[in-house]
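The chains referred to below are lettered A, B, ... by the order of the sequence lines, with proteins before strands, and numbering in each begins at 1.
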There are 4 protein chains.
Amino acid sequence: MIRVAIIGATGYTGLELIKILLRHPEVVITTLTSRSEESPHVSSVHPQLRGRLDLRMADLGPKEIAKQADVAFGCLPHGVTAAIVPSLLEAGLKVIDLSADYRLDDPAVYAEWYGHTHDDPGRLADTVYGLPELFRERIRPAKLVANPGCYPTSAILPLAPLLAAGLIDPTSIIIDSKSGVSGAGRTPKLSFHYPECNESFSAYGVGKHRHTPEIEQILSTAAGKPVEVIFTPHLVPMDRGILSTTYSQPLKSITEAEVMEVLREFYRGEPFVRVGSNLPATKDCSFTNFCDITARVVRGRILTVSCIDNLIKGASGAAVQNFNLMYGFAETTAL
Amino acid sequence: MIRVAIIGATGYTGLELIKILLRHPEVVITTLTSRSEESPHVSSVHPQLRGRLDLRMADLGPKEIAKQADVAFGCLPHGVTAAIVPSLLEAGLKVIDLSADYRLDDPAVYAEWYGHTHDDPGRLADTVYGLPELFRERIRPAKLVANPGCYPTSAILPLAPLLAAGLIDPTSIIIDSKSGVSGAGRTPKLSFHYPECNESFSAYGVGKHRHTPEIEQILSTAAGKPVEVIFTPHLVPMDRGILSTTYSQPLKSITEAEVMEVLREFYRGEPFVRVGSNLPATKDCSFTNFCDITARVVRGRILTVSCIDNLIKGASGAAVQNFNLMYGFAETTAL
Amino acid sequence: MIRVAIIGATGYTGLELIKILLRHPEVVITTLTSRSEESPHVSSVHPQLRGRLDLRMADLGPKEIAKQADVAFGCLPHGVTAAIVPSLLEAGLKVIDLSADYRLDDPAVYAEWYGHTHDDPGRLADTVYGLPELFRERIRPAKLVANPGCYPTSAILPLAPLLAAGLIDPTSIIIDSKSGVSGAGRTPKLSFHYPECNESFSAYGVGKHRHTPEIEQILSTAAGKPVEVIFTPHLVPMDRGILSTTYSQPLKSITEAEVMEVLREFYRGEPFVRVGSNLPATKDCSFTNFCDITARVVRGRILTVSCIDNLIKGASGAAVQNFNLMYGFAETTAL
Amino acid sequence: MIRVAIIGATGYTGLELIKILLRHPEVVITTLTSRSEESPHVSSVHPQLRGRLDLRMADLGPKEIAKQADVAFGCLPHGVTAAIVPSLLEAGLKVIDLSADYRLDDPAVYAEWYGHTHDDPGRLADTVYGLPELFRERIRPAKLVANPGCYPTSAILPLAPLLAAGLIDPTSIIIDSKSGVSGAGRTPKLSFHYPECNESFSAYGVGKHRHTPEIEQILSTAAGKPVEVIFTPHLVPMDRGILSTTYSQPLKSITEAEVMEVLREFYRGEPFVRVGSNLPATKDCSFTNFCDITARVVRGRILTVSCIDNLIKGASGAAVQNFNLMYGFAETTAL
């Protein structure tokens with residue numbers, strides 16, 4: 001049995017991780033940390049877990065965590081994780097980090113978008129980006145995996161095959177994304193106060209969202225050349241789910257059938273990507289680790305529509321998929 | 001034109017008041033106060049008001065308010081209002097207070113349920129409870145009106161006629177109420193964070209909710225004898241609306257038709273109470289000042305179902321109804 | 001491997017059953033029936049199942065079903081099931097029926113509440129009601145199990161212990177229930193059209209809901225004497241979840257702690273009933289087979305608040321729990 | 001007083017029209033038609049109107065309508081209206097048609113997108129498109145006004161100024177729109193069944209939506225040259241509101257401030273268009289006739305974000321705005 005620690009278990013990604021891992025036959029959750037001084041029982045923070053997991057959260061350091069666990073899932077906010085990951089790795093743990101701290105290769109880009117210098121810059125270039133569909137073989141042996149962001153997962157999966165095949169102009173890409181509110185985390189704020197965001201739809205962070213460089217970095221890798229995107233996130237009055245609509249300019253005339261064939265071929269055999277002809281709804285993959293993708297050609301432009309559950313394929317499900325790869329379990333275990 | 005001040009205009013009742021009063025042909029809103037130091041423009045706090053009201057909020061004292069206004073609507077939290085109402089009245093303003101501060105007659109009951117002694121206890125016994133359907137003639141000449149709570153309005157309107165007619169046992173009453181989230185106000189808290197309360201339904205404050213003594217006091221007045229109720233509030237994942245289901249024991253056998261007739265007769269001519277045979281939905285009176293009521297007799301017990309918009313008939317609409325009575329305007333003006 | 005047929009697989013309970021059974025290590029789903037002539041692929045009806053179950057729905061008779069399956073889950077509307085259950089049983093299948101057809105013992109009561117005579121009246125008295133917490137030992141050997149209704153499950157679980165212990169007046173019980181919209185099934189109707197029921201809360205079927213005699217029958221069994229209830233269902237703008245608030249008169253004075261102890265003792269060791277002191281929210285048990293229960297004593301009356309997921313513990317999860325009992329699998333398998 | 005008929009009053013646009021017109025001091029609603037044989041009272045169809053409008057709906061012909069009314073608002077589905085408008089006009093009525101029947105200039109384009117030949121093709125070219133911000137002077141004297149579609153209003157208002165100023169490439173435009181469910185009308189369908197579309201977000205009609213030629217026609221008029229757009233509608237789990245995000249290629253380099261200035265200048269003095277620097281949410285203009293617009297420049301591309309209430313500015317509010325223009329009332333009356 002692999003002993004698992006979840007660092008920062010009070011949020012939504014922590015909760016989803018616990019629910020998935022409780023179904024995993026090779027895992028025992030031994031450690032939940034939170035920065036609270038009160039060491040609450042996990043079921044008082046997450047009532048859904050009553051009778052399912054009998055653990056208290058504690059404010060533990062890396063060495064204490066290492067005594068109790070073989071692997072740590074980092075569910076902390078960005079900027080906090082990088083301060084402790086070196087100690088966790090040094091203590092012998094494997095780490096799957098769900099924050100943004102190790103996703104970007106370049107400390108300068110990190111500093112530009114996140115507004116502070118990185119605490120562990122030397123490790124950035126070598127850390128693998130935990131998107132199994134693109135980097136499966138690099139994930140297997142990794143000690144540290146940077147789990148992808150939710151928006152990036154929804155946008156990279158439909159676009160990477162088109163860029164890898166050289167079908168589209170890498171500077172023409174528009175990504176119009178829509179996310180449920182759980183993507184904003186569990187800290188109460190006016191914007192996410194029920195009567196403010198219920199019965200409302202809004203755009204936010206236009207041109208400034210931190211997932212932009214992450215998307216561009218991975219798509220550039222897929223394309224083998226620099227990719228620039230316009231990324232516009234929107235907030236949908238629902239708990240979970242992301243739908244991304246992308247628009248890009250083909251480099252030569254192409255049919256819808258040809259685009260679909262490129263997508264189908266790229267994801268043949270992938271357990272969690274479903275390429276289909278129907279327009280997907282986020283509910284089709286809610287509470288699952290699937291990404292649903294389709295494509296259209298409209299007035300000569302290629303459109304893709306893709307859906308994920310932001311907390312599963314966009315966070316905790318992908319993290320367990322990475323965990324399975326790192327430990328040699330069947331990739332779909334518990335998912 | 002009556003010059004209106006709204007004291008504490010940043011919340012939902014303040015916003016609804018402004019929207020109603022902007023339609024009132026005899027009103028000019030001159031003053032909006034908030035305890036913020038920044039004197040924000042009202043449209044930066046309430047984007048709905050952009051282009052509709054050009055005022056800044058300011059942290060003003062009673063004398064300054066009195067220079068600019070004839071009447072003040074109090075939209076502050078309970079416990080704060082009673083500290084300033086005496087000065088407002090002394091400065092010559094009429095006051096319609098939407099907080100709970102002046103609703104209870106007895107300072108001891110106030111202290112018991114609100115956990116602190118009242119700042120202006122001498123005024124409690126004489127302040128009129130601003131439910132026009134019961135106290136219209138006392139409201140007209142009043143200088144200070146205590147605007148009813150949202151749950152109490154939804155529960156008192158169906159039950160008062162039955163108690164006034166001596167039809168039901170005054171110790172048998174159960175009130176099972178369900179409210180949209182705007183009733184909880186605009187301050188972000190975990191309980192009202194979108195992903196917490198969306199797609200969920202819960203009971204809260206069972207046996208302890210502060211509207212209990214308010215309901216009992218007014219129903220006792222209607223009955224002419226002490227009334228005790230069990231009041232159970234619940235939170236519904238929607239913005240607005242309250243539905244209250246009440247259960248009471250008739251003192252002698254009675255038919256549904258007889259109960260309906262008592263209700264219809266009691267509210268004949270009332271502009272904002274609609275007694276009907278259909279089971280109402282909260283949406284039927286959303287964004288209106290109506291209260292919809294029906295009754296059933298099931299296994300010998302009398303059931304009533306009543307709906308209001310918690311922010312209109314349950315707060316700001318009722319306040320304007322009271323305002324119209326106090327100034328001699330048609331009671332339905334702007335409503 | 002047990003071969004499973006789902007009769008009437010196009011609705012929500014069918015979908016949930018499939019999702020649960022796909023996780024069951026001892027089950028293979030071999031047969032999905034629907035009355036459609038088109039034999040659609042299950043994933044075209046339920047896009048959530050794309051890539052997870054490769055079956056077509058077909059309009060099959062009992063003999064054909066019996067060739068392919070060992071057990072049939074009936075997900076048809078009431079009135080249809082009783083016409084085919086005799087043939088299914090005769091063909092050697094075990095049957096777990098999620099409709100209301102075999103829940104009532106008395107054909108006369110069925111006819112009164114469902115408006116037509118029962119097609120298989122002789123089997124009613126002996127069919128076990130599939131609520132494991134009350135009838136586990138009768139379920140194990142059964143060939144036919146009548147799976148409980150969603151509202152009844154939410155109401156019986158908190159009340160049966162109080163009645164069994166003789167604590168409450170069996171004629172005093174009020175059940176005020178609130179359900180998400182999936183309880184109404186998947187057939188489009190104006191009442192469940194999104195813009196009609198979203199942002200609205202309503203009561204329906206007051207005094208007339210067909211779950212009333214079902215609740216009374218099982219509670220009478222628990223009490224050992226006739227029980228009468230007032231049952232008021234309400235519609236909540238959310239997908240899933242039922243919360244029932246019950247009110248009953250204790251036969252002698254009792255404390256909250258004593259009530260809680262009766263509940264805790266009754267459900268000690270039960271895998272899916274969580275008795276706790278906190279007021280539960282439906283979200284705490286959404287997508288799980290748990291029932292959360294608490295109690296309060298208010299003004300001498302006993303209140304209980306209980307939550308279930310109407311499609312899981314209130315339908316498909318309970319059906320799999322029964323299946324596990326009938327086949328000797330661990331009761332929690334796949335749940 | 002102008003006597004108003006509403007043709008096809010059972011849907012959402014009919015209801016909103018009634019609610020707005022009940023506030024209009026110069027209007028009396030005399031006639032409500034519906035194709036039902038039962039002549040239901042309007043309050044049995046729309047419970048919100050109980051006690052507010054005492055009329056029955058009837059299945060009346062143009063001559064009967066003309067006896068009772070001066071002006072008819074057409075709220076019928078497309079394809080039905082054009083069959084009766086000639087008779088209504090001949091009978092002396094003015095007509096404001098909320099359907100799509102008279103929006104397109106070219107009968108061939110109508111036939112291509114709507115799948116049948118137009119019943120009144122000769123009138124198409126001369127009918128004014130009822131968007132006051134663009135065609136106010138042509139609306140004033142009109143006998144027949146084609147009220148704009150909801151999506152087109154949300155897309156044309158931000159884009160027309162940019163095209164009129166020659167700032168953007170007329171073949172580069174992408175319109176990514178998101179609408180609440182009331183836009184789909186009041187007829188129950190599986191797609192709009194609450195448990196299907198709640199907690200879900202989806203795209204639909206990609207590349208095929210009938211509002212595409214309407215948007216292109218009006219934008220071409222604004223640009224003075226042919227405009228082609230990619231229009232992608234999405235369904236948001238909320239009652240009302242449309243947000244459109246547009247992307248277009250400037251013909252020469254331009255700053256955000258310059259774009260904003262073009263928008264502000266174009267709409268200076270317009271009572272219902274609010275150009276502002278903040279990103280708007282649909283809730284900011286819910287239940288109002290406002291359109292909120294902002295713009296951004298991201299990676300050299302111009303983005304606009306615009307919001308309307310689809311039933312008010314996108315339908316019934318705009319219709320009353322047109323009515324006010326046609327009868328010489330203040331344009332904002334009742335709005």
S.K.: In terms of heavy-atom proximity below 4.5 Å to chain C, should B:Glu196 be classed as side chain, backbone, both, or neither?
M.R.: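 Just its backbone gets close to chain C.
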
S.K.: Taking it one step at a time, do C:Ile174 and B:Arg301 satisfy side chain to side chain contact (heavy atoms under 4.5 Å, CB included)?
M.R.: CA-CA 10 Å; C:Ile174 290 166; B:Arg301 214 84 59 107; 3.6 Å; yes

S.K.: For chain B, find which of C:Leu279, C:Asp176, C:Val298 contributes the most heavy-atom pairs closer than 4.5 angstrom.
M.R.: C:Asp176

S.K.: With a 4.5 angstrom heavy-atom cut-off, is it the side chain or the backbone of B:Val297 that approaches chain C, or both, or neither?
M.R.: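 For B:Val297, no heavy atom lies under 4.5 Å from chain C.
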
S.K.: Please work out which of the three classes, parallel, tilted or perpendicular, describes the rings of B:Phe201 and C:Phe201, given edges at 30° and 60°.
M.R.: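 Geometry flag for B:Phe201 against C:Phe201: parallel rings.
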
S.K.: Quick one: what part of B:Pro280 sits under 4.5 Å from any heavy atom of chain C, side chain, backbone, both or neither?
M.R.: backbone

S.K.: Hey, what do you get for NZ (B:Lys283) to OG (C:Ser202), rounding to the nearest 0.5 Å?
M.R.: 10.5 Å

S.K.: Residues in salt bridge (Lys or Arg N to Asp or Glu O under 4.0 Å) with B:Glu261, at least two apart?
M.R.: B:Arg268

S.K.: Measure B:Thr294 against the heavy atoms of chain C and call it side chain, backbone, both or neither at under 4.5 Å.
M.R.: neither

S.K.: Tell me, for B:Ser191 versus chain C, whether the close heavy atoms (under 4.5 Å) come from the side chain, the backbone, both or neither.
M.R.: neither

S.K.: Under 4.5 Å heavy-atom distance to chain B, tell me which part of C:Ser179 shows up: side chain, backbone, both or neither.
M.R.: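 Neither part.
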
S.K.: So, for C:Arg299 and B:Ile230, which heavy atoms are closest and what is the spacing to 0.1 Å?
M.R.: CB-CG1, 4.2 Å

